[in-house]
Amino acid sequence: MGTTRRIVIGGAGLAVLGALGYRAWDRGVFEVGQGPAFKPWEEWRGRGDEGTRQPLHAAILAANPHDTQPWLFAAHGASIAVLADRARNLGSFDPFRREMHLGVGCAIENLMRAAAVYGYSMNVIVSGGRLEPSPANTPVRAAHLWLDAAPAIRDPLFEAIPNRHTNRGPYEERPVADADLRKLEALASDKEVRVVFLTDAKARADMASMIVEATGRIIADPQMSQDSARWFRTGKREVNEHRDGIGIDSSGVSRLVAAGAKLLPDLDAATADKTWLNMTRDVQTHAPVLGMILVRDRLEMGSAVAAGRAWQRLHLAATTMGLAAQPLNQPVEMVDRNQERGRDDHFASGLQSLARATAWEATFTFRLGYAKEPAQPSPRRPLDEVMVEQG
Ligand SMILES: Cc1cc2nc3c(=O)[nH]c(=O)nc-3n(C[C@H](O)[C@H](O)[C@H](O)COP(=O)(O)O)c2cc1C
């Protein structure tokens with residue numbers, strides 16, 4: 001091979017490597033869980049001179065549907081109003097904004113845990129009312145808290161706040177000790193909310209097939225598929241611009257597959273949906289524990305908030321036990337969608353009979369177990385962006 005040709009080939013090779021390197025940098029292949037969108041995870045304790053605003057740094061790290069972060073806070077002196085930011089909705093995926101209110105409940109749980117640690121006692125009024133289909137995008141008050149000085153407490157669940165992440169990867173088959181499940185159950189249940197764990201192989205298989213079937217129904221519904229996809233973020237630029245949504249790093253695929261997915265062009269909607277269905281069937285419905293959160297009436301706003309608080313508490317406690325967790329709420333999403341469309345539904349009764357609880361209905365389904373790999377944090381908007389004047 002002549003020298004000129006070798007130089008040309010060498011130059012082309014370098015150009016390809018350079019382009020690949022640029023793409024890797026541009027798409028954030030080497031910056032998993034880093035950058036401005038992840039800063040709130042480092043600043044989660046806030047500062048002592050912030051007064052009643054300090055616990056809000058912990059509130060915004062809560063679980064919430066599709067990482068829409070559908071919350072706003074109005075803090076005035078000793079009072080904090082928590083609002084559901086109805087504009088940040090999942091459309092037909094959450095037609096009654098029920099999941100949105102669960103997410104707000106998750107934030108309220110973190111807020112209350114942090115406030116108690118920073119030396120406040122609290123009076124809380126949670127708003128009641130019926131969740132209706134496709135409501136206006138105007139924010140609605142979900143709860144109002146009044147904080148008063150009190151002796152500060154220590155709380156291991158508070159300390160778990162920055163370590164709690166939704167884990168969508170494979171879990172081990174290792175069972176979870178019954179005593180641990182009983183502790184979690186006691187912590188998350190009260191007169192408004194019940195938690196049911198399924199550990200028996202047959203019950204888990206039945207619930208798994210319900211979750212897979214519901215996922216199939218969702219991806220066959222073009223509106224649901226589209227409304228969900230609006231909250232997917234793939235490259236670094238998108239993540240840092242929006243600081244919300246579901247990204248590749250938290251999708252449950254291995255680090256290597258995640259790097260490849262970032263380098264390649266984005267999947268078209270049909271392929272992305274199929275990938276989700278395959279992940280649900282082959283990975284995410286396999287766990288030693290599947291579970292449900294039940295309430296008396298899933299479309300009562302206060303019950304949705306209470307269920308969210310229960311999930312956040314359960315996930316924080318699971319984190320302290322070294323357990324991973326993932327909501328898998330497709331069956332209840334289908335219950336809502338069927339009701340909105342006036343269609344027959346068999347998911348609600350299927351979940352109810354698995355739970356063996358006739359006077360209760362499922363509002364949230366999940367899995368629990370020991371993860372093979374740790375989960376990555378999801379992005380968050382800065383606190384300033386979710387503070388408003390009026391509550
Ligand atoms: C009401 C509700 C429903 C959710 N449904 C699902 C789900 O069906 N599948 C899933 O993988 N994660 C689900 N999640 C988890 C969120 O996507 C996750 O909390 C959010 O992306 C923030 O990530 P983090 O929990 O790791 O902080 C749900 C969370 C909430 C509160």
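This chain uses plain numbering: 1 for the first residue, then up along the sequence.
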Does anything in [range] form a ring-ring contact (aromatic ring centres under 6.0 Å, His included)? List the pairs, not counting sequence neighbours.
range: residues 161-192; result: W41-H165
range: residues 216-260; result: none
range: residues 245-269; result: none
range: residues 281-320; result: W311-H315, W311-F364, W311-F366

Quick check: is I60 connected to V239 through a chain of hydrophobic side chains (ILVMFWY, heavy atoms under 4.5 Å apart)? yes

V212 and M279: same hydrophobic cluster, using ILVMFWY side-chain contacts below 4.5 Å? no

4.5 Å side-chain heavy-atom contact, [X] and [Y]:
X: D67; Y: P379; value: yes
X: I293; Y: R194; value: no
X: Q69; Y: V386; value: no
X: N137; Y: N89; value: yes
X: H346; Y: E213; value: yes
X: H66; Y: D244; value: no
X: K183; Y: D180; value: yes

Taking ring-ring contact (aromatic ring centres under 6.0 Å, His included) as the definition, give me every residue that meets it alongside W44, ordered by chain and number, with sequence neighbours left out. F158

Students should find that the hydrophobic cluster of M301, defined by side-chain heavy atoms under 4.5 Å apart, otherwise consists of F96, L131, L299

Donor-acceptor contact present, side-chain E132 to main-chain P135, <3.5 Å: no

Under the salt bridge (charged side-chain N to carboxylate O under 4.0 Å, His left out) criterion, do R113 and E109 qualify, and how do the steps go? CA-CA 6 Å; R113 302 215 86 87; E109 180 65 20; 2.5 Å; yes

Working note: D336 + R298, criterion salt bridge (charged side-chain N to carboxylate O under 4.0 Å, His left out); need CA distance, chi angles, decisive distance, verdict. CA-CA 10 Å; D336 286 348; R298 76 181 199 294; 2.8 Å; yes

Derivation and outcome, salt bridge (charged side-chain N to carboxylate O under 4.0 Å, His left out), residues R204 and D200: CA-CA 6 Å; R204 278 187 291 140; D200 163 73; over 6 Å; no

